[in-house]
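Structure first, then comments.
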Amino acid sequence: MALHLEQLNPEQLAAVTAPDEHLLVLAGAGSGKTRVLTTRIAWLVNSGRVSPAGVLAVTFTNKAAREMYVRLAAMLAFDPRGMWIGTFHGLANRMLRAHHREAGLPREFQILDAQDQLAAVKRVLRALGADPERDSPREVQAYINARKEEGLRAGEIAPADARERRWIELYAAYDEQCRREGVADFAELLLASYELLARNALLREHYAARFRHILVDEFQDTNRLQYRWLKLLASGGAAVFAVGDDDQSIYRFRGAHVGNMADFEREFGVRRLVRLERNYRSHGNILAAANALIARNRHRLGKNLWTEAGAGEPLVVYEAESDAEEAAFVVEQAQALARSGVPLSAIAVLYRSNAQSRVIEHALFTAGLPYRVYGGLRFFERAEVKHALAYLRLLAHPGDDAAFLRVANFPPRGIGARTLEVLADAARARGESLWQAVEALEGRARQALGAFRDLVVRLRAETAGLALAEQVAHVIAASGLEAHYRAEREGAERLENLGELVNAAATFAAEERASGLATGAGDPEGEALDPLNAFLAHAALEAGEHQAGEGREALQLMTVHAAKGLEFDAVFLAGLEDGLFPHEQSLAERDGLEEERRLAYVAITRARHRLYLSYARTRMLHGQTRYALPSRFLDEIPPGLVRWLAPRRPEPAPAARAPQARRPARAGAPAGGFRVGQSVVHPKFGAGVIVDAEGDGAEARVQVNFGREGVKWLAVAVAKLEPA
DNA sequence: GTGAGGCCCCTTTTT
DNA sequence: GGGGCCTCAC
């Protein structure tokens, strides 16, 4: 089959045909990383260096895994099914299903997504009588996940203070609850899989002997546990091929540990390092801007992208008066691009935080320009879908308390919070699941809960033997969900989503018949999972996959985080204001600014031909008008690469723009000659913008945002402030 | 037990 | 400004 090695550049070729030893590939943005990864696998297999079963390739997203699979299928003479290709979580899940007994899990253990996990944490807090004011469920959830991602169980942590002592207790109780209910959260998949390998020498040796080549994508995003997991799997002498870009490490807040790259070099004794620095994506000006920006970061492995493409257009910078005007600018320019023949789907609007999309969406909607927002609530996370899944989970495993609680009273059937509390107490006292504990109750509670249980039993009987999609459809109808949403005034969309869930089940079943991947049918290890349980696992692991309107011709809106790995002909990067991007909360963190800069680097390198950078002098944030300075990152881009679209305009007349301060100085009475919104210069703090004012005459004080110098209150009579 | 209004928070979030 | 969550009144 065609690998087209002759089309690779020398560095790519060196990586693809490297000998069987550990290798670190520093792959810059747009340097053909995925191609190298897949060609490497195909080359290894085709040249007989490894059998398909000896390959383990791991990514972070299902999308990346699927793309690798598809590309491999095109390069290989056979179906790549026998290889272990997937996400960390997907592969950990696969291993746990195959060895569930050794891992101490039921074969049909359910996977908790972040929402389910939060609900589970809340139940633990309640059961232990913890005060959610003092220990917020979200914080406890984050704490548990962070510890799991460090590979630590509750018993292995030394508390730093009283608060952590409480959290460790909650962690232990949470894990206990999960084990009792037969469920596993995302981090648990990895940790349990890691522990399985660490403790079970036989299994470890089996897998370590099996995998001869381990390939890891986006290595800079691995956390400590994932690193250790890989290390165990490689303990049998496998060659680890790690591809990453330290400059694109933007998930530290989720536990990603860039240090893994350096650790890998050291601990694995890596002798070869390949740098992919030739960029095939962007025009020269865009790359030069990206290079100049990222060069300001101190902790780098070092890399400079270059291209043979021309310089292209200069970057366009636009200063908008307000967020609304910035949105209007984006719409206008996007329309112009569309007229000149750029497909809408090749244009992206990127922003730092999700809240920024609203004003842009509003402008796009008004202009009648089709757009699509990525992120937000994903298909399998929608309430109605989760309700339907909860019924299905109860069919598969009645001991699933989380599912029980979610739908016992949905649609409403007279089982209130009080009743469920009584049931929970009974279950705890008897050491049983909620389902079992119904027996222990009496009177009205017993009757209502009994009726619910009968419903589930009936559903199970009625769906036995049906095809997966029919099972799903029947449960939606007979559970009362359908009737409930039909009666609801705004239930139409929810009904549509439930219909879509049936489609998703049908699609899943069809793909599963073809590949046998999710049920493990194609795998010699372990027993196969039934279609319903496989579908439930799929729903948890690939929550975002099922998005409506995927390939539609529409402008693409997303956060910079969500854009990683993607590319567009034209990119708008909106909201380049100090405090927003870089985000003010990042500045307090150690090396927070560097991570923000990497984020900006990721944003810039998404663009192929055109890049528009914009910021707004005023922005509605949390219901208040905020005044901001341009992002410091704009200053870090060499001026020669940039064209200011509407040159920084002179101060508009005050009347034209009467900005609303939180506590406006008395109307028409500027504080000591200064106005809110005005640009000023201070001899020590430099340029700033007045964001608030109070008093007048000799008492007048103004609050000035000096960007990186901070926000300060100054007495006008004393401070040497001058209009900019 | 259920639904409506008030209160609080508010970066990013591949799985 | 707005969504999720909780409390309070029926």
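A note on names: the letters A, B, ... follow the listed sequences, proteins ahead of strands, and every chain is numbered from 1.
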Looking for any heavy atom pair under 4.0 Å, which part of the strands does A/Glu149 touch: base, sugar-phosphate only, or nothing?
nothing
Calculate the interatomic distance between A/Asp113 atom CG and B/dT13 atom C1'; express it in whole Å.
13 Å
Can you tell me how the ring of A/Phe508 sits relative to the ring of A/Phe535, calling it parallel under 30°, perpendicular over 60° and tilted otherwise?
tilted
Between A/Leu420 (CG) and B/dT2 (C1'), how many Å, whole number?
14 Å
Flag this pair as yes if the NZ/CZ of A/Arg406 is under 6.0 angstrom from the six-membered ring centre of A/Phe410 and inside a 45 degree cone about the axis; otherwise no.
no
Using a 4.0 Å heavy-atom cut-off across all strands, classify A/Ala187 as base, sugar-phosphate, or nothing.
nothing
Under 4.0 Å between any heavy atoms, over every strand shown, what does A/Phe88 touch: base, sugar-phosphate, or nothing? Just pick one.
nothing
Distance, rounded to the nearest Å, where A/Asn354 contributes CG and C/dG1 contributes P:
19 Å
Considering only side-chain heavy atoms of A/Ser586, which listed nucleotide, B/dT11, B/dG3, B/dT15, is closest?
B/dT11
Could you check whether A/Asn409 gets within reach of a base, just the sugar-phosphate, or nothing at all, counting any heavy atom under 4.0 Å?
sugar-phosphate
Walking DNA chain B from its 5' end, the first of A/Ala540 and A/Thr419 to be reached, judged by nearest nucleotide, is A/Thr419
If we count only N and O atoms by modelled type, under 3.5 Å, do the side chains of A/Tyr69 and A/Arg71 hold a donor and an acceptor together?
no
For DNA chain B, whose closest nucleotide is more 5', that of A/His583 or that of A/Arg444?
A/Arg444
Using a distance-only test with no angle check, is there a side-chain donor-acceptor pair under 3.5 angstrom linking A/Asn223 and A/Glu150?
no
Measure from the side-chain heavy atoms of A/Arg418 and tell me the nearest of B/dT11, B/dG1, B/dT13.
B/dG1
Expressed as a whole number of angstroms, how long is the span from A/Glu139:CD to B/dC10:P?
10 Å
Side-chain H-bond candidate by donor/acceptor type, A/Gln117 with A/Asn145, under 3.5 Å:
yes
In whole angstroms, the gap separating P of C/dG1 from CD of A/Gln356 amounts to 17 Å
For B/dT13, does either OP1 or OP2 sit under 4.0 Å from a side-chain N or O belonging to A/Thr559?
yes
Nearest-Å distance for atom pair NE2/P, residues A/His362 and C/dG1:
13 Å
Return the nearest nucleotide to the side chain of A/Phe253; candidates are B/dT13, B/dT11, B/dT15.
B/dT13
The side chain of A/Glu596 lies closest to which of these nucleotides: B/dT13, B/dT11, B/dT15?
B/dT11
Ion pair present between A/Asp185 and A/Lys148, side-chain N to carboxylate O less than 4.0 angstrom?
yes
Just the rounded figure in Å: distance from P of B/dT13 to CG of A/Leu112.
22 Å
How long is the line joining CD of A/Glu584 and P of B/dT12, in whole Å?
13 Å
Is A/Glu589 touching bases, backbone alone, or none of the nucleic acid, heavy atoms closer than 4.0 Å?
base
Examine C/dG2: is either OP1 or OP2 under 4.0 Å from a nitrogen or oxygen in the side chain of A/Arg358? Give yes or no.
yes
